[in-house]
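Data block below; observations after.
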Amino acid sequence: SQAHSIDSHFMRYEGLLGGIAAYATEMLQNESQNTERMYFNKDFDNPDVRPRDMSKAKIYGFDLSLEWPTYVAPKGETTEDSLQLLKRLQPLRRHYRRAVLRSHSENAVSLTPQRAKRRIGDLGVPIAWVYVGLENGGFSVFPGHGGWPDNFDPRERPWYKLAADKQGPQWGAPHISTTGDKLILACAQALYNEAD
């Protein structure tokens, strides 16, 4: 009975990951111009620029935005062309938030913003982070936060390597989070365009 319960939880998390992967793939292939505001890693470190909803989250131990993801440009690249794929991901922010809340319960998506903030930031949810790492080194993470090192490259992270060149969800061994303070059990899925 306990094993069945655990299996069903993990299958639900795989379903949430599959939804994010499908939305991300669709958006990456959509060449229409996204004009919505984006916050890059340096924006989160600047009190005058960072998202207004930033606040301390007890579970994470630092300030987070539950409305806006963080974007990290490919290492050493800030040209318009290098940022084009990241810009296509911006509408994904609404799906990130829903997936994180749904990892707690289906009803959690209807929580008020204040209750959602308390649930995610102070009480915790099973899916603590949602990442999208691109082949060119671009990166998106939710919840949004600052403190990213200048040399950060998602392609070097265990979760990226876990799914590279594979199909479907891949579960990895626990590893230290990017923030260096928690163990994370990653489930990753590679994104493929229609040509692949």
Side-chain angles (χ1 to χ4, degrees), residues 2 4-24 26-27 34-72 86-133 139-148 159 169 171 174-189:
Q2 187 74 1
H4 177 73
S5 174
I6 291 169
D7 281 348
S8 68
H9 280 295
F10 281 99
M11 286 179 68
R12 204 158 65 79
Y13 304 148
E14 287 181 6
L16 293 170
L17 170 63
I20 292 290
Y23 285 124
E26 181 181 330
M27 289 172 190
N34 172 43
T35 58
E36 191 173 27
R37 174 73 162 103
M38 293 179 72
Y39 291 92
F40 285 85
N41 49 322
K42 298 298 181 194
D43 297 331
F44 281 85
D45 295 327
N46 182 340
D48 297 327
V49 179
R50 70 187 203 163
R52 289 187 197 146
D53 74 306
M54 291 284 287
S55 63
K56 187 79 165 180
K58 290 179 190 172
I59 290 288
Y60 295 82
F62 47 82
D63 290 354
L64 291 179
S65 169
L66 298 179
E67 294 295 327
W68 301 94
T70 303
Y71 292 91
V72 179
L86 276 179
K87 288 182 176 182
R88 291 181 192 172
L89 289 176
Q90 179 55 355
L92 194 59
R93 73 184 181 96
R94 293 167 190 86
H95 300 291
Y96 284 159
R97 190 168 185 274
R98 279 197 290 269
V100 168
L101 286 168
R102 285 179 66 201
S103 75
H104 172 65
S105 74
E106 289 299 322
N107 294 334
V109 292
S110 61
L111 291 174
T112 64
Q114 293 80 13
R115 288 186 174 179
K117 176 194 169 301
R118 184 168 185 270
R119 168 45 58 195
I120 295 170
D122 298 337
L123 301 175
V125 289
I127 296 179
W129 300 106
V130 181
Y131 304 140
V132 174
F139 177 66
S140 171
V141 57
F142 180 87
H145 65 96
W148 294 94
W159 54 265
W171 288 92
H175 67 274
I176 298 294
S177 68
T178 305
T179 55
D181 62 344
K182 292 185 175 59
L183 275 178
I184 289 181
L185 178 62
C187 185
Q189 184 169 331

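Keep in mind it's a predicted model, so treat the numbers as computed, not measured. The basis for the numbers below is simple: all heavy atoms, side chains too, and nothing from hydrogens, waters or symmetry mates.
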### Query
So which heavy atom on Y96 is nearest to which on P69, and how close?
CE1-CB, 3.8 Å
### Query
For the atom pair OH (Y39) and CE (M54), what is the distance rounded to the nearest 0.5 Å?
10.5 Å
#### Entry: Option passing ring pair (Phe, Tyr, Trp, His ring centres under 6.0 Å) with Y131 (candidates Y71, W159, W148)
W159
### Query
Which heavy-atom pair separates D53 from L66 by the least distance, and what is that distance?
OD2-N, 2.9 Å
## Note on the structure
Taking every heavy atom of F44 against every heavy atom of S65, the minimum-distance pair comes out as CE2-CB, 3.9 Å
### Message
Quick check for you: to the nearest 0.5 Å, what is the distance between M38 atom CE and D43 atom CG?
### Response
10.0 Å
#### Entry: Shortest non-hydrogen contact between P143 and A128, atoms and distance
CD-O, 3.4 Å
### Message
Could you work out, with side-chain contact (heavy atoms from CB on, under 4.5 Å) as the rule, every residue matching S105, not counting sequence neighbours?
### Response
N107, A108
### Task
Check whether more than 12 heavy atoms from other residues, nucleotides or ligands sit under 6.0 Å from atom CZ of R88, and answer yes or no.
yes
### Query
Taking atom CD of E67 and atom CZ of R94, what is their separation to the nearest 0.5 Å?
9.0 Å
### Query
Can you tell me if OH on Y13 sees more than 12 non-hydrogen neighbours from other groups inside 6.0 Å?
yes
### Query
Measuring from F142:CZ to L92:CG, what's the distance to the nearest 0.5 Å?
10.5 Å
### Beyond-backbone contact of D63 with K56, side-chain heavy atoms, under 4.5 angstrom
yes
Pairs under 3.5 angstrom only: tabulate donor-acceptor contacts from the side chains of residues 111-127 to other protein residues two or more places apart or in another chain.
| unit_1 | atom_1 | unit_2 | atom_2 | d |
| --- | --- | --- | --- | --- |
| T112 | OG1 | R115 | N | 3.2 |
| R119 | NH1 | G124 | O | 3.0 |
| D122 | OD1 | K58 | N | 3.3 |

### Task
Run the numbers on Y60 and W129 for ring pair (Phe, Tyr, Trp, His ring centres under 6.0 Å), then give the verdict.
CA-CA 10 Å; Y60 295 82; W129 300 106; 4.9 Å; yes
### Query
In chain order, what residues pass the side-chain contact (heavy atoms from CB on, under 4.5 Å) check against L17, with sequence neighbours excluded?
P169, C187, Q189
### Query
Where is the tightest heavy-atom contact between K87 and P91, given as atom of each residue plus distance?
O-CD, 4.2 Å
## Note on the structure
So CD of E26 and NE2 of H95: to nearest 0.5 Å the spacing works out to 8.0 Å
### Task
Using only heavy-atom distances, determine whether the side chains of T70 and N41 contain a donor-acceptor pair under 3.5 Å.
no
### Task
Evaluate whether atom CZ of R37 has more than 12 neighbouring non-hydrogen atoms of other residues, nucleotides or ligands under 6.0 angstrom away.
yes
### Task
Decide yes or no for R93 and W68: does some side-chain heavy atom of the first lie under 4.5 Å from some side-chain heavy atom of the second?
yes
